Trainee: 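Input: one structure, supplied below.
All of these numbers come straight from a predicted model, not from anything done at the bench. The first residue of the sequence shown is numbered 1, and numbering continues consecutively from there. Indexing begins at 1, ligand by ligand and atom by atom, following the structure's order.
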Amino acid sequence: MRITLFLLCSLFLSGTVIGQKISIIPKPASITTATGTFKLTAATKLVVPNDADLNAARFLNDYLQQYLGFQLPVTKQRGANSIVLSTRQHIAAPGNDGYAFTSGPTGITVDGETGAGTFYGVQTLIQLLPANAAPGMQSVAIPAVRISDAPRFQYRGMHLDVTRHMFPLSFIKKYIDYLALHKMNYFHWHLTDDQGWRIEIKKYPQLTSVGGWRDGTIIGRYPGTGNDNQRYGGFYTQEEVKEVVKYAADRFITVVPEIEMPGHASAAIAAFPWLSCFPEKETEIPHHPSAASKAKGGKKVQETFGVFEDIFCAGKDSTFLFLQDVVDEVVPLFPSKYFHVGGDEAPKEHWAQCPKCQARIKAEGLKDEHGLQSYLIQRMEKYLNAKGKTIIGWDEILEGGLAPNAIVMSWRGEAGGIAAAKDKHQVIMTPGSHVYFDHSQSGDEDSVTIGGFTPIEKVYSYEPVPKELNEAQAKFVLGAQANLWTEYIRYPQKVEYMVFPRIGALSEVLWSPKAGRSWPEFEQRLQTQFTRYNTWGVNWSKAYFDIAATVQPAQGNKGLQVKLASKDKTGKLTYGISGVHFAKNYTAPIVVNQTSAITALYSRNGQVMDSVSVNLMFNKATGKKVTINPPPAPNYPGDGAFTLVNGIINNKGMTRSAEFIGYNGKPVTIVIDLGSVQPLEMVAAHALSAGGSWVHPPQEMEVSLSTDGTSYKRMGTAREFKGVTPQKGMLEVVAEGQRGRFVKLVLKPLEKIPANLPGAGNAAWMFLDEIEVR
Ligand code: TNX
C-alpha cells in the first residue's frame, strides 16, 4: 500500500513538473506565458455550448481516456474548474481556421474561428498535457498561457499508398489520428495502381476480386532477388471507405481519393484486358524474368515495381465509359471537392502503336501522344467538374496542355508547380527532394527503402513557396504534402517508422509562420515529441540520434582522421579501436595510420540509440592528395575526390551515396600524389555495378606513373571487371618493378547501354568508390 501511495505521489509530482514545459509542434503563431497552472482532474468539466464542437470534445476525451485513464464530464453549463470549447464565442480568434487559447488557474477556454479552429485548439491543449502522460496520473498541471494561432497554408497533407502494400482499416484510422494530432487537414488516399486495385466498385466486382490480388511480390529492393510467390492483396469495401471518410471528417480531415489514369493501370487491366490497347498481349515483367511469380500467362497484376507500358487505351470509348462508371461510384463516397486522377508516369509506347489511339489523335486534331494524354485528362475533368469536383493530377498533366481547372501536384521537383502557378493554376507541392517519406531518413539505414536520403532537418528546411514566384503567383500554392509510397513498407510499424518524426517537421512547415521557424529551437521541442511518441506507442525512427562519422585526411596527408558526432546532445558518445569496444569517451577526432576498425556507440538514459563501425582499409593512396577531372555529376558528388582515398571500400552499394562519385557517359582522370617516390606493383579502382539502375562497371582503366608529376610512363591497361559481389568489383593493373610518386588513372564508362537492358541506348552511370595502390 505504501508503495502504491509512493508511486501515485511520484507520478503526480512528475506530472506537475513536466506539465510546466511548453513544447508544441507545430509551433503556434504566438504564445504568451503567464503564471500559475490549471489543475486538470477527472472532476474538471468539459463545457461544450454548441453541439458542433462535440467532435472536438470527443477527441479530447478519447485522448485523456487512453493516456491518462479518465474522461471529463461534458456539459453545456459554464462553471468553475472547466475547459470551455466553443466556436466563435467570446475571444476574438484569428481567421482561416485559427483559434484563441487561454489557460489559467481558474480554467481553460478554446475559441475557434471555425469548428476546425476549435479542434486545432484541442490539439494544442493535448500538447500542454505532460508528454509522458500515463494512466494513474490523477491530476495534471497545464501551464497558464495565451495562444493565438492560425495555419499558414490551407492544404496540409499526408498521402498513403495502399496499393503496393495494404493496411488494416484500424491502422488507416490511426494514421488519420496522427494527422489530426499535427493539425493536418488532407489525407490523400492512393487507391489504385499496378500492384493492386483497392476500392470496391460494385459495377465491376472483378476490379477487386482479380485486380486486388497479385500472385507474388519481388523479394528485396528492385529489381529484387526473386519472387516470394505469396498471393497478396485485399481491398476496402464502400462501407469501409465511408467509415474512414467519416472518421476523418470528425477530425476535420478531408480524404482525397486517387484513381490513377491513364498509367499505373495494370491491376485494372488484369481484371479487364479490354482496357488495354493490346488485350491479347501478356503482361511483361520488364527486364527481370526472375522477378515474375510462377503463375504465368495473360494479363497480370504487377509483382514488381516501377513504370509499365500497359496503360488504359485512350482510343476506345469503352475505356472512358469504364472510367466514368468508376467515377460515378467513387464520387458519392468522398465529400471532398478534390478528386485526384493520377496522370503520372504513363509511357506512350502502346498509344504510339495502337490504331485506335492514332485514329483518336487524328480525329481530335491532337499533336501527339502527349496531346492524347491531355485529351484523356481533360475529358475526365469535364466529367468530374460536372459532378462538382476539381481534379488534382501529378505534374505530368502539364505535358501536352493542362486541363483548364486542374490543380497540379508537383512531385518531380518544383518545376511543375512553378509552371502551373505562373499559369494561374493552383498547386500542391510534394517534391521528391524534401517530402518523400519513402526515402531513408538515416544515412545508415538498415531496412530496405527505395533509397534517397531525406533526414528530418531537410524536411524542416522545406519552403513550399518557391523563390521563382512573385507575391500574386505565390497565392496559387495551396500548401504541401508528404507522400508515402509503400513498395518497401509492408506493415503499419514500418509506416510509423518512415513517418515519425518527419511528420512533425512537415506540420511545422505547413502550419507555423515562416519567420518563426528555427531548426535549433525545433530540435529542443523534438525531444519532448520523442517522449510523446513513446506515450503513443509509436514506432518512431531513431535516425536523429545517428552517429555521423566523418573521415578526413589527417594533417599533412599522414593518415586519416575520424570525427564522430550525433545531432542529439543529451546522451553519451563512446568509441574503441580494433577490438577494444566503446571503452573511451569521445572528445576529439581520432587519427589512424593503419587499417583499423573504429566502433562507436551513442547512448541516452542507459539506452543504446545508435552504434556504428567504420572500417578503414589502408593502402598507399589512403589519405593522400588526389585530384579528379572533370568533377563528378552534380547529383552524385560523394565526398568529392577524397571519396576515392578515404579508406572506405563501399560494400553497401548505392544506399551509401557519400561513398561513391558518379559519372554519366564521360571518362575521368584521377591523379594521386603519394608524397614520395615508392616501389609499386598494383593499382586498382573499385566500382559499383547495378544494371537495373543504369550503373555499369568502367569499361577500361589506363594507369600511368610519374616521379615528378609531369612526365608519365604507362603502367598498364585493364578491361576486365572482377566481381567481388554481384553489385561490386574492381579493375586492376599489376606490374612489378615499378616506381612512382604520382599515379594517374583514366577510367572510361560504358557509353551506351546495350539493347535489352534497362536504360538501353542511354549513357551508363559509372560509380567509383575507392582507389587501391600497393
Ligand atoms: C514515383 S510520385 C511514383 C510512384 C512511386 C514513387 C516511389 C509518383 C507520382 N509516382 O508510383 O511509388 O515514385 O518513390
Trainee: Considering heavy atoms of the protein only, find what lies nearest to atom 2 (S) of ligand 1 and give residue, atom and distance to 0.1 Å.
Mentor: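 The closest one turns out to be Y436 OH, 2.6 Å.
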Trainee: What residue and atom, counting heavy atoms only, is the protein's closest point to atom 14 (O) of ligand 1, and at what distance?
Mentor: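 Result: D438 OD2, 2.7 Å.
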Trainee: Look at ligand 1 and say whether R412 reaches it with a heavy atom at a distance under 4.0 Å.
Mentor: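 No, R412 has no heavy atom closer than 4.0 Å to ligand 1.
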Trainee: For H190 and W485, I'd like to know if the aromatic rings sit close, meaning centre-to-centre distance below 6.0 Å.
Mentor: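 Yes: the rings meet the under 6.0 Å criterion.
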Trainee: Which protein heavy atom lies closest to atom 3 (C) of ligand 1, and at what distance to 0.1 Å?
Mentor: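 Answer for atom 3 (C) of ligand 1: E345 OE1, 3.4 Å.
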Trainee: In this structure, is the centre-to-centre distance between the rings of W394 and H340 below 6.0 Å?
Mentor: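 Between H340 and W394, the centre distance is under 6.0 Å.
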Trainee: Could an N or O of ligand 1 be found under 3.5 Å from any N or O of R164, whether backbone or side chain?
Mentor: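 R164 vs ligand 1: N/O contact under 3.5 Å present.
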Trainee: Is the distance between the ring centroids of F767 and Y636 under 6.0 Å?
Mentor: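 So the answer is yes for these two rings.
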Trainee: Nearest protein heavy-atom contact for atom 12 (O) of ligand 1: which residue, which atom, what distance?
Mentor: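 Minimum-distance protein heavy atom for atom 12 (O) of ligand 1 reads E487 OE2, 2.6 Å.
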Trainee: Which word best sums up how the rings of F322 and W274 line up, parallel for under 30°, tilted for 30 to 60°, or perpendicular for over 60°?
Mentor: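 Perpendicular: the ring planes of F322 and W274 meet at over 60°.
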Trainee: Check the orientation of W189 and Y236. Use parallel for under 30°, tilted for 30 to 60°, and perpendicular for over 60°.
Mentor: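 Correct class here is tilted.
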Trainee: Which residue and non-hydrogen atom of the protein lie closest to atom 13 (O) of ligand 1, and at what distance in Å?
Mentor: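 The closest heavy atom on the protein side is W411 CZ3, 4.1 Å.
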Trainee: Nearest to atom 8 (C) of ligand 1, what protein heavy atom do you find, and at what distance?
Mentor: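 It is D344 OD2, 3.3 Å.
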Trainee: Over 60° means perpendicular and under 30° means parallel, so tell me whether Y375 and F320 are parallel, tilted or perpendicular.
Mentor: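 The arrangement is perpendicular - the two ring planes meet at more than 60°.
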Trainee: Would you sort out whether F305 and Y222 count as a ring-ring contact (aromatic ring centres under 6.0 Å, His included), showing the intermediate values?
Mentor: CA-CA 7 Å; F305 306 118; Y222 177 90; 7.8 Å; no
Trainee: Could you tell me which atoms of ligand 1, counted from 1 in the order shown, lie closer than 4.0 angstrom to a heavy atom of H264?
Mentor: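 Counting atoms of ligand 1 from 1, those under 4.0 Å from H264 are 11 (O).
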Trainee: In terms of atom number and element, which parts of ligand 1 are under 4.0 angstrom from non-hydrogen atoms of I450?
Mentor: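 Within the 4.0 Å cut-off of I450, ligand 1 contributes 7 (C), 14 (O).
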